[in-house]
S.K.: 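Can you keep this structure in mind? I'll have questions shortly.
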Amino acid sequence: MKVIKYNDALKGKNSGKCKTLEYSFMDKDIDLGIAIISGRYPDEGYGINLISKELIYVIEGSGTLNFENEKIKFSEGASILIEPNEKYYYDTEYCKISMSCTPAWSMEQHKLVK
């Protein structure tokens, strides 16, 4: 068993509009992150995960998750599965989400694209 307490989570930000908490268990198969997004993220274009599935759970707030050919409105309590290589961006005034990736997320597999 492994436990990471809030004060031990790695605090960061992907942009001025996306603040993160990473709960890294040093496990290559799965991870957990919390993000607070205020505005459009990424600022332009799309984000894409080249390897991992991303399971999103909306803790607070609402918005739209925009894919190339589809827009999904979300609100508190919703869960969304993003497959590898799906391009997306968030459009929200405010949301707090939990994200779990399998295999575990890494900076090298996350890209911003037009």
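In what follows, residues are counted from 1 in the order of the sequence shown.
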S.K.: Going by heavy atoms in the side chains, are Phe67 and Ile82 under 4.5 Å from each other?
M.R.: yes

S.K.: For a side-chain contact (heavy atoms from CB on, under 4.5 Å) with Ile48, tell me which candidate from Glu86, Gln109, Lys111 qualifies.
M.R.: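 Exactly one option meets the side-chain contact (heavy atoms from CB on, under 4.5 Å) with Ile48, and it is Lys111.
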
S.K.: Testing the basics here: between Glu54 and Cys101, what is the closest heavy-atom pair and its distance to 0.1 Å?
M.R.: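 Here Glu54 and Cys101 meet closest at CG-SG, 3.5 Å.
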
S.K.: With distance as the sole test, does Ser79 use its side chain to make a donor-acceptor pair with the main-chain N or O of Ile56 at under 3.5 Å?
M.R.: yes

S.K.: Decide if atom NZ of Lys19 counts as having more than 12 heavy atoms of other residues, nucleotides or ligands within a radius under 6.0 Å.
M.R.: no

S.K.: Pairing donors with acceptors under 3.5 angstrom, does anything connect the side chains of Glu22 and Ser24?
M.R.: no

S.K.: Relative to each other, are the rings of His110 and Trp105 parallel, tilted or perpendicular (30° and 60° limits)?
M.R.: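 Because their plane-to-plane angle lies in the 30° to 60° range, the rings of His110 and Trp105 count as tilted.
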
S.K.: Side-chain contact test, heavy atoms from C-beta onward, threshold under 4.5 Å: evaluate it for Thr20 versus Ile34 and give yes or no.
M.R.: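 No, too far: nothing below the 4.5 Å cut-off.
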
S.K.: How many angstroms lie between OG1 in Thr92 and NZ in Lys73, if you round to the nearest 0.5 Å?
M.R.: 10.5 Å

S.K.: To the nearest 0.5 Å, tell me how far Phe74 CZ sits from Tyr90 OH.
M.R.: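 The distance works out to 6.5 Å.
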
S.K.: Check Met99 against Ala35 and note the closest heavy-atom contact, atom names and distance.
M.R.: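 Where Met99 meets Ala35 most closely, the heavy atoms are CE-CB, 3.7 Å.
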
S.K.: Out of curiosity, Tyr88 OH to Ile80 CD1, how far, rounded to the nearest 0.5 Å?
M.R.: 11.0 Å

S.K.: Is any side-chain heavy atom of Ile97 closer than 4.5 Å to one of Ile37?
M.R.: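 Touching, per the 4.5 Å side-chain cut-off.
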
S.K.: Decide yes or no for Ile4 and Phe25: does some side-chain heavy atom of the first lie under 4.5 Å from some side-chain heavy atom of the second?
M.R.: yes

S.K.: Would the distance check show the side chain of Lys87 and the main-chain N or O of Tyr46 forming a donor-acceptor pair, the cut-off being under 3.5 Å?
M.R.: no

S.K.: Supply the atom-to-atom distance Met26 CE to Asp31 CG, rounded to the nearest 0.5 angstrom.
M.R.: 11.5 Å

S.K.: Out of curiosity, does Tyr6 fall in the hydrophobic cluster containing Ile59 (side-chain heavy atoms, cut-off under 4.5 Å, transitive links)?
M.R.: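 Yes; Tyr6 is reachable from Ile59 via cluster members.
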
S.K.: Near Lys11 NZ, under 6.0 Å, is it more than 12 heavy atoms from other residues, nucleotides or ligands?
M.R.: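 Atom NZ in Lys11 is packed in, count exceeds 12.
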
S.K.: Testing the basics here: between Ser38 and Tyr94, what is the closest heavy-atom pair and its distance to 0.1 Å?
M.R.: OG-CD1, 4.1 Å

S.K.: If I compare all heavy atoms of Asp43 with all of Ser15, which pair ends up nearest, and what's the gap?
M.R.: OD1-OG, 4.4 Å

S.K.: With side chains defined as the heavy atoms from C-beta onward, is the minimum distance between Leu21 and Leu10 less than 4.5 Å?
M.R.: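 They are not in side-chain contact.
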
S.K.: More than 12 non-hydrogen atoms from neighbouring residues, nucleotides or ligands closer than 6.0 Å to NZ on Lys2, yes or no?
M.R.: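 Yes.
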
S.K.: Going by heavy atoms in the side chains, are Cys95 and Glu60 under 4.5 Å from each other?
M.R.: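 In short, these two side chains do not touch, never coming nearer than 4.5 Å.
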
S.K.: Are Val113 and Leu50 linked, directly or through intermediate hydrophobic residues, by side-chain heavy-atom contacts shorter than 4.5 Å (ILVMFWY only)?
M.R.: yes

S.K.: In Å, rounded to the nearest 0.5 Å, how long is the span from CG of Leu55 to OG of Ser98?
M.R.: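 One gets 7.5 Å once the value is rounded to the nearest 0.5 Å.
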
S.K.: Is the CD atom of Glu83 crowded by more than 12 outside heavy atoms at less than 6.0 Å?
M.R.: yes

S.K.: Hey, does the side chain of Thr64 reach the backbone of Lys71 with a donor-acceptor pair shorter than 3.5 angstrom?
M.R.: no

S.K.: Is the shortest heavy-atom distance from the side chain of Asp91 to the side chain of Tyr41 under 4.5 Å?
M.R.: no

S.K.: Take Lys114 and Glu44 through the salt bridge (Lys or Arg N to Asp or Glu O under 4.0 Å) test and state the conclusion after the steps.
M.R.: CA-CA 7 Å; Lys114 297 284 177 179; Glu44 61 183 18; 2.9 Å; yes

